[in-house]
Amino acid sequence: MKLARDTWLVFQRQVLLMWRTPIWIVIGITQPVFYLLLFAPLLKKVLAPMGATSYAEAYQIYVPGLLAVLCIFGGLYTGFSLLGELKAGIIERSRVTPVSRLALLLGRALRETLGLLVQAVIITLVALPFGLRVDLPSLLLAYVLLGLLALMTSAVSYGIALALPNDAAMAPVVNTIAQPIGLLSGVLLPLALAPVWLQTVAKWNPFYWAVEGMRALFSGHPGDSVVWQGLLIVAVLTTAAIAYSARLFSTRIR
């Protein structure tokens with residue numbers, strides 16, 4: 001009960017800070033919207049081998065990957081905000097409060113998750129006039145998967161920020177992690193179009209299963225095994241990431 005109350009208090013404060021600077025949400029959706037408007041229309045012929053005979057079907061394949069990009073890359077870069085709080089002494093001052101160290105992590109990570117989900121909803125709405133069609137139950141389940149993905153990557157990013165010896169190393173480390181993860185998850189183009197060896201390597205990437213699960217949901221197949229495989233993998237990794245980062249919070253803030 002105390003953990004839930006403390007998490008809610010931290011979450012409320014973080015949401016208030018986000019509400020005061022809504023420009024970050026606008027900035028966050030700018031690049032995905034550009035990809036949606038300027039890149040996705042080129043995909044009809046590229047995705048034709050996968051059965052995308054219309055722009056609407058192309059968007060059903062492309063939009064889930066775009067939303068996954070938002071949560072993967074957006075979440076992995078949230079550690080920079082924690083670096084700012086560390087520099088300002090906000091995190092260190094938290095040690096004199098009775099707030100749970102896990103709540104300090106969860107409250108912040110849930111704020112980032114909320115912001116990324118808001119951006120995902122906006123991008124989904126923008127895609128509707130272009131022919132995107134997805135039933136509501138599948139869409140809601142897709143958002144659950146996205147939320148877990150955002151929560152996991154945010155926790156990982158906080159863990160990286162706390163573990164690195166200096167701030168300058170943050171950007172190179174995050175870029176080194178994010179690029180292969182994105183390329184091997186098929187976020188821009190499905191890996192069914194890739195060589196067999198690349199598909200085999202990609203299956204060792206947990207984010208690949210999340211993206212494939214998202215595409216199955218947007219295609220109207222919530223019972224597909226890849227959906228539940230993706231949910232299970234992401235849920236386990238989210239738990240592990242939170243546990244790891246929470247331990248670092250307890251070590252750093254004491």
Side-chain angles (χ1 to χ4, degrees), residues 32 35 39 43 46-47 49-52 60-79 109 112-113 116-117 120 138 141-164 169-219 221-248:
Y35 271 96
F39 180 71
L43 295 178
V46 176
L47 298 176
M50 295 191 62
Q60 278 187 314
I61 295 173
Y62 181 69
V63 171
L66 188 63
L67 297 181
V69 167
L70 182 71
C71 288
I72 293 172
F73 286 82
L76 285 175
Y77 280 90
T78 56
E112 302 293 354
T113 300
L116 290 169
L117 285 177
S138 295
L141 187 56
Y143 285 154
V144 170
L145 182 53
L146 281 174
L148 287 172
L149 203 59
L151 186 59
M152 177 185 65
T153 52
S154 296
V156 167
S157 186
Y158 289 155
I160 293 172
L162 290 168
L164 291 176
M170 182 72 180
V173 169
V174 171
N175 284 330
T176 301
I177 294 173
Q179 288 184 1
I181 282 176
L183 292 173
L184 287 174
S185 58
V187 288
L188 295 180
L189 291 174
L191 289 177
L193 305 173
V196 175
W197 69 266
L198 188 56
Q199 295 182 41
T200 302
V201 174
K203 289 179 181 178
W204 290 92
N205 177 14
F207 294 92
Y208 165 83
W209 297 99
V211 174
E212 289 299 304
M214 286 280 297
R215 288 200 170 107
L217 288 168
F218 271 71
S219 297
H221 302 106
D224 195 316
S225 61
V226 73
V227 174
W228 306 105
Q229 288 170 342
L231 281 168
L232 178 61
I233 291 171
V234 173
V236 170
L237 290 177
T238 300
T239 303
I242 290 174
Y244 170 72
S245 297
R247 184 175 64 84
L248 288 179

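The figures here come from the full heavy-atom set of this structure, side chains too, leaving out hydrogens, waters and symmetry mates. Just so you know, these numbers come straight off a predicted model, no measurement behind them. Along the sequence shown, the residues carry numbers beginning at 1.
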Counting distance only, does the side-chain N/O of [X] pair as donor-acceptor with the main-chain N or O of [Y] below 3.5 Å?
X	Y	answer
S154	L151	no
Q60	S219	no
T239	A235	yes
W228	P222	yes
W209	V226	no

Next on the checklist: Do I177 and V156 make a side-chain contact, defined as non-hydrogen atoms from C-beta onward lying under 4.5 Å apart?
Outcome noted: no
Checklist entry - Are S157 and M170 close enough that some pair of their side-chain heavy atoms sits under 4.5 Å apart? => result yes
Shortest non-hydrogen contact between [X] and [Y], atoms and distance:
X	Y	value
T153	C71	OG1-O, 3.0 Å
L248	G159	CD1-O, 3.3 Å
A68	V211	CB-CG2, 3.7 Å
V234	M152	O-SD, 4.4 Å
T78	G75	OG1-O, 2.7 Å
L184	A202	O-CB, 3.3 Å

Checklist entry - Listed by chain and number, what are the salt bridge (Lys or Arg N to Asp or Glu O under 4.0 Å) partners of E112, not counting sequence neighbours? => result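 Expected list: none.
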[atom1] of [X] to [atom2] of [Y]: how many Å apart, nearest 0.5 Å?
X	Y	atom1	atom2	value
L70	L146	CG	CG	8.0 Å
L76	Q179	CG	CD	11.5 Å
Y208	I233	OH	CD1	10.5 Å
L217	D224	CG	CG	8.5 Å
I72	L116	CD1	CG	11.0 Å
F207	L183	CZ	CG	13.0 Å

Checklist entry - By ring pair (Phe, Tyr, Trp, His ring centres under 6.0 Å), which residues pair with F73, not counting sequence neighbours? => result none
